[in-house]
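First the proteins, then the strands, lettered A, B, ... as listed; each starts at 1.
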There are 2 protein chains.
Amino acid sequence: MREKTLEEYLGCPFHLAMNTLEGKWKFAILYVLLDKGTLRFKDLERAIPDISTRMLVKELKHLEEKKVIVRKAYAEVPPRVEYSLSEIGKSLSPVIDSISDWGKSYANSLSEK
Amino acid sequence: MREKTLEEYLGCPFHLAMNTLEGKWKFAILYVLLDKGTLRFKDLERAIPDISTRMLVKELKHLEEKKVIVRKAYAEVPPRVEYSLSEIGKSLSPVIDSISDWGKSYANSLSEK
DNA sequence: AGAAATACTCACATAATTGTTATTACTTCA
DNA sequence: TGAAGTAATAACAATTATGTGAGTATTTCT
């Protein structure tokens with residue numbers, strides 16, 4: 001499938017958003033960054049135990065390129081790299097919250113009946 | 001990766017929600033169903049032009065099993081099958097809306113600077 | 001008679017994701 | 001002295017996820 005141009009996405013903000021956030025782990029990363037603020041690489045791995053190192057690297061790189069998160073590296077040993085949300089990234093909190101809220105309702109609706 | 005039990009998901013509504021909604025096409029399907037109400041299979045294909053028949057079948061089946069959408073088949077020729085959101089499915093509208101809203105902000109933040 | 005319409009299903013092919021193990025370089029702690 | 005800690009990167013195999021192209025059955029329309 002051909003990658004769409006920005007112009008095409010601009011016509012559909014929902015499409016643009018999903019293109020930026022799609023993938024198995026993006027929402028999970030955003031969830032923990034919103035919750036914890038700033039995290040080092042290793043902390044992210046611990047916060048999302050099921051993700052592989054490779055995938056975490058990939059997803060972080062993607063989100064950084066898309067300007068959703070910010071990477072800050074310190075010249076220390078052992079190395080220290082901190083990840084946090086950009087301003088536009090922080091504005092994802094209503095998205096994450098609404099998903100979390102829906103999850104609660106959904107859990108209730110499943111345990112009823 | 002081992003599939004988690006419902007009990008494990010219940011501890012984290014966000015996790016439960018994402019497990020239900022993950023995959024490349026779920027949000028797109030929910031988006032059009034929220035917008036259009038009820039759609040036949042072929043209408044869904046037309047509304048989401050990039051999806052393959054196979055994936056649409058799979059995702060619809062998954063969402064039906066998870067009680068998020070409802071499938072209604074009529075004994076006609078040519079066949080008619082209508083898909084719509086369940087009650088809990090309809091309650092996803094804040095999720096879809098917040099994603100759409102974020103997409104707008106994001107598009108603005110990209111065209112600035 | 002033949003084409004069009006629908007809601008799939010099937011077999012096969014490619015792409016995405018994961019698991020595993022190893023490596024780097026330097027400092028702190030035991 | 002030697003292990004632990006960090007943030008990756010790399011190579012390989014294995015497993016999932018997704019895509020492609022074709023086909024089915026039956027009625028209506030041309």
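- Taking K58(B) as the reference, nothing meets the salt bridge (charged side-chain N to carboxylate O under 4.0 Å, His left out) condition, with sequence neighbours excluded.
- Between E45(A) and K42(A) a salt bridge is recorded (basic side-chain N to carboxylate O distance below 4.0 Å).
- Every residue was checked against the side-chain hydrogen bond (donor to acceptor under 3.5 Å, both in side chains) condition with S105(A), not counting sequence neighbours, and none meets it.
- Distance CD (E76(B)) to P (dT26(D)): 16 Å, rounded to an integer number of Å.
- Partners of D43(A) by salt bridge (charged side-chain N to carboxylate O under 4.0 Å, His left out), not counting sequence neighbours, listed by chain and number: R46(A).
- The shortest distance between the side-chain N/O atoms of W25(A) and the OP1/OP2 oxygens of dA16(C) is not below 4.0 Å.
- Residues that satisfy the side chain to side chain contact (heavy atoms under 4.5 Å, CB included) test with K36(B), not counting sequence neighbours, are L39(B).
- For residues 38-90 of chain B, there are no ring-ring contact (aromatic ring centres under 6.0 Å, His included) pairs, not counting sequence neighbours.
- Taking 4.0 angstrom as the limit, R40(A) places none of its side-chain polar atoms (N or O) nearer than this to OP1 or OP2 of dT6(D).
- The distance from atom CD of E22(A) to atom C1' of dA15(C) is 13 Å, rounded to the nearest whole Å.
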Between the protein and nucleotides 8-13 of chain C, list the N/O to N/O atom pairs that are separated by less than 3.5 angstrom.
from: dC8(C); atom 1: OP1; to: R71(B); atom 2: NH1; distance (Å): 2.5
from: dC8(C); atom 1: OP2; to: R71(B); atom 2: NH1; distance (Å): 3.3
from: dC8(C); atom 1: OP2; to: Y83(B); atom 2: OH; distance (Å): 2.8
from: dT9(C); atom 1: OP2; to: K61(B); atom 2: NZ; distance (Å): 3.3

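- Between K58(A) and D43(B), the residue anchored nearer the 5' end of DNA chain C, judged by the nucleotide with its closest heavy atom, is D43(B).
- Residues passing the salt bridge (charged side-chain N to carboxylate O under 4.0 Å, His left out) test with E82(A), sequence neighbours excluded: R80(A).
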Protein within reach of the bases, or only the backbone? For nucleotides 21-30 of chain C, mark each nucleotide 5' to 3' as B, S or -, using heavy atoms under 4.0 Å.
-----BS---
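- As rounded to whole Å, 15 Å separates atom C1' of dT9(D) from atom CG of L60(A).
- Here side-chain hydrogen bond (donor to acceptor under 3.5 Å, both in side chains) pairs that include residues 86-95 of chain A, with residues two or more places apart or in two chains, are E87(A)-K90(A), S91(A)-W102(B).
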